[in-house]
Amino acid sequence: MEGPSCSACARKARFSTAQTAAAAAAAASAPTAPLAVVPPGRFWELNVVRDCPKGLYREGYVNTTDAAGISCLSCPEGWTTEKTSTGSRDKCSVLLPGRKVSSLAPGADSDSGGDGALAAQGVVAGDTTEACPLGFYFDGKEAIYGCRRCPLGTLTKQTGSESVDDCLVPPGYYIHSPDGGSTGQLAKCPNNISADGIAPASGFYRANWVAPSAVIDTDGRKGCTPCGEGVLSRPTAQDERTDLESLQQDPANPDPYFGLVASSPFSCYIMPGWGLTFDIVDFTKMRAIIPCPANTYGVAKEMFGLTMSPCKSCTKNLKSEPGSTAFSDCTNPAGFGYTSEGANQCPDGFWAEKGSMSPCEQCPEGRYTEYFPGEDSSVNETANPVCQQCLGFESTAEEGSTSCNVCKAGAGGAPGSCAACPYNTFQPGAAVFGDGRTCKACPKSAFNHYIGDTFVSPGITFWTSMTSPYLCVPRYSQAASPAGHTLGLSDKVFVDVPNAASDTAACITACPADKCCIAEFYRESEYGPASCRHAILPPARPMAMVASVPDDLKPRLYYKLPPSEMIAAASVKSASVNATQSSSDGVGAVYTDTKAGNRTAVGTAAGVGSSEGAVKAKTMASGVFAICDMTDWQQLAADGWIGTSANPMLVEEDRTVAEWDVVGVCNSEGSCHKSCVADASCWGFIYVPGKGFTLRTGEMMLGVRSFFVSPDPAQSPVTADGKSLADAAAYKTE
């Protein structure tokens, strides 16, 4: 009789020797199924022996029918295995990233250079673990068990960090390193240090958690963000460093701002009597006016935050000391009575006490005063028979002079040969600064943009005999992009200029010298194709300067020009003359006389109709608008292609929603000018006959860089009356 046949064991299941013998003894009587066992490091699943995954283990042999063989056990918390198929708990000897052995102090083995062996550090596989504490990390790539300390004193934002990249510098700090980063430690951003010991002290702040490599510095001036030239700083924000509770104060040098840091612009401040304005070189930065000059006043108390707050001018003829903090510091000089419009010199027989802030009073019986009105340039005489009047453009450097030794403000040259300063220059007079003889070039203006390099524009003036830079404007003024949509112009008015499409500078400098020109440079990508296009118009006179009614019907584009230099203090301004009179060269330069409601031409500081010493308030805007004649586009204007909505939230392409002649906002040349100057988002305004006026505002569009190019008075031809063509292309108000 044939015996029973043998059956194969399942994969990796084995018979023990005893089981083999028992099976042989039983084979003679009846066939039975063999007993299979699962070896260590494996488990039984669906009739297949499988390897325990990494991080799990199983010890000993068990039958496939035993419940202990159907699963593996997890390593103790924080531990894992080196590989799969682990057959012993002792093999759970690999520490997980972000964990440390609880019995070891943080950084104990890494700081001391341990040899990496478990036994050498008194560690047993499976010991209790915990997350790496704040300021430490473990990436699992080396044999240490106490976590590694973050470099250069940096911190982690939470426990259990698994990478050195989690080691960061908290807001308000930088890495103070004398050797460029080999060593270093956290240090607070400095408060009020001078770059060279001479320049005004400035403060610093720094926002956000950052990698240490970005803020390594010797003193924090580069590792932190400057508040601005002369702008101070003080820790005002809650310190976010995660080890703050464990820090100990140095009794010998305690930190008065412990727990606080300078981590935002709101930690920057100016002192009472100071002003805050844009840096004239870089409009992205701020600078303090320290202190506000005489006849102006600054903030009343410490002002935090980088919000522009220029020095405010005292009203007419009022005086104040440098560093004044309120309008109440502005008082009348002796002999000037105060009224609602400012101070006026008392006439004969009247007087006013210095600082009285009262109207002129009549002299009592037996006393009198004589009124000395000052210079009368039309007759070149003075009420004082002893002092002689300097002639023409000559003047004196100070009171008590024995000769005419300098030029008047607005003129330059050697004594005896002074002449009006030419276009694009100014001369403030020896009493302000300078030598009183040299006409200075207008300041340059730098325009930044992500398309192309910084473009530096020369400054120009639309008048000669300028006495200060406040009417200097950049000839090339960066505009909103695309300028066509923002100014309400149709693409139909632009002409491609392919030979000027190499870069931004080539595009805008290709504009003619005697015309208004809107230049747009477009590039799809950094290295993509570029294009240049121009919209060119002749200049136009302001309506206030127009003598004939038909000229008033011309459509006009008024473009707001920024100042070449920010001036917050009061400036010496010339007196006005009637619009029908001829000033030295002021055709087209007009302002609004708010008292009389009339527009009149502005005279110059030197020449007929001038009055030196008249102090006029000056705000941050230049107030100068270039005016362009849109007659060539008259039909486009009539058809609604010129001038769209003043509201940037409305769809610009829908050219039927313009807001025309808004009463009290923009329904005349003067009201539009006032509203546009007061609105930082306003780029100009447009006049279309039959429709009226509308403001133009809007935001930048990516990929396009636009410039408004003014006519250059120094290069453009002259008109029949001998005036520069550009003289007719500017408008300003007080």
Side-chain angles (χ1 to χ4, degrees), residues 316-317 333 335-336 344-345 347-348 370-442 461-472 570-589 591 600-616 713-714 718 721-724 727:
K316 180 181 178 182
N317 290 334
F336 283 74
N344 294 296
Q345 188 168 0
D348 288 347
E370 285 187 332
Y371 174 55
F372 292 94
E375 297 175 353
D376 182 355
S377 58
S378 63
V379 296
N380 292 321
E381 291 181 355
T382 177
N384 188 335
V386 177
C387 299
Q388 301 299 313
Q389 171 71 39
C390 291
L391 302 178
F393 291 101
E394 309 299 318
S395 185
T396 60
E398 57 187 357
E399 294 181 355
S401 297
T402 59
S403 64
C404 300
N405 51 7
V406 295
C407 299
K408 285 186 176 182
S417 60
C418 296
C421 286
Y423 290 110
N424 308 342
T425 66
F426 67 97
Q427 200 275 100
V432 181
F433 65 86
D435 57 10
R437 299 174 183 172
T438 304
C439 296
K440 303 176 181 294
C442 279
T461 65
F462 289 105
W463 302 270
T464 59
S465 300
M466 290 294 96
T467 61
S468 76
Y470 79 89
L471 285 182
C472 290
S571 303
V572 176
K573 187 194 78 64
S574 57
S576 63
V577 297
N578 188 277
T580 60
Q581 293 179 323
S582 175
S583 63
S584 61
D585 63 347
V587 178
Y591 71 94
T600 53
V602 174
T604 57
V608 177
S610 68
S611 175
E612 287 187 322
V615 178
K616 186 62 193 174
V718 297
D721 59 2
K723 299 299 181 181
S724 167
D727 265 340

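Computed from heavy atoms alone, side chains included, the values below leave out hydrogens, waters and symmetry copies.
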By side-chain contact (heavy atoms from CB on, under 4.5 Å), Thr461 pairs with (sequence neighbours left out) Tyr423, Asn424, Cys442, Met466, Cys472
Set of residues satisfying side-chain hydrogen bond (donor to acceptor under 3.5 Å, both in side chains) with respect to Ser417, sequence neighbours excluded: none
Cys439 versus Ala411, closest heavy-atom pair with distance: SG-C, 3.9 Å
What one should report as the nearest heavy-atom pair of Pro428 and Ala409 is O-CB, 3.6 Å
Is there a donor-acceptor contact under 3.5 Å from the side chain of Gln427 to the main chain of Thr438? no
So, for Cys421 and Gly412, which heavy atoms are closest and what is the spacing to 0.1 Å? SG-N, 4.0 Å
List the atom of Gly413, the atom of Cys418, and the distance in Å for their closest heavy-atom pair. O-SG, 4.0 Å
In Å and rounded to the nearest 0.5 Å, what is the CZ to NZ distance from Phe393 to Lys408? 8.5 Å
Please list, chain by chain and in numerical order, all residues satisfying side-chain contact (heavy atoms from CB on, under 4.5 Å) with Asn344, sequence neighbours excluded. Lys316, Thr339, Glu341
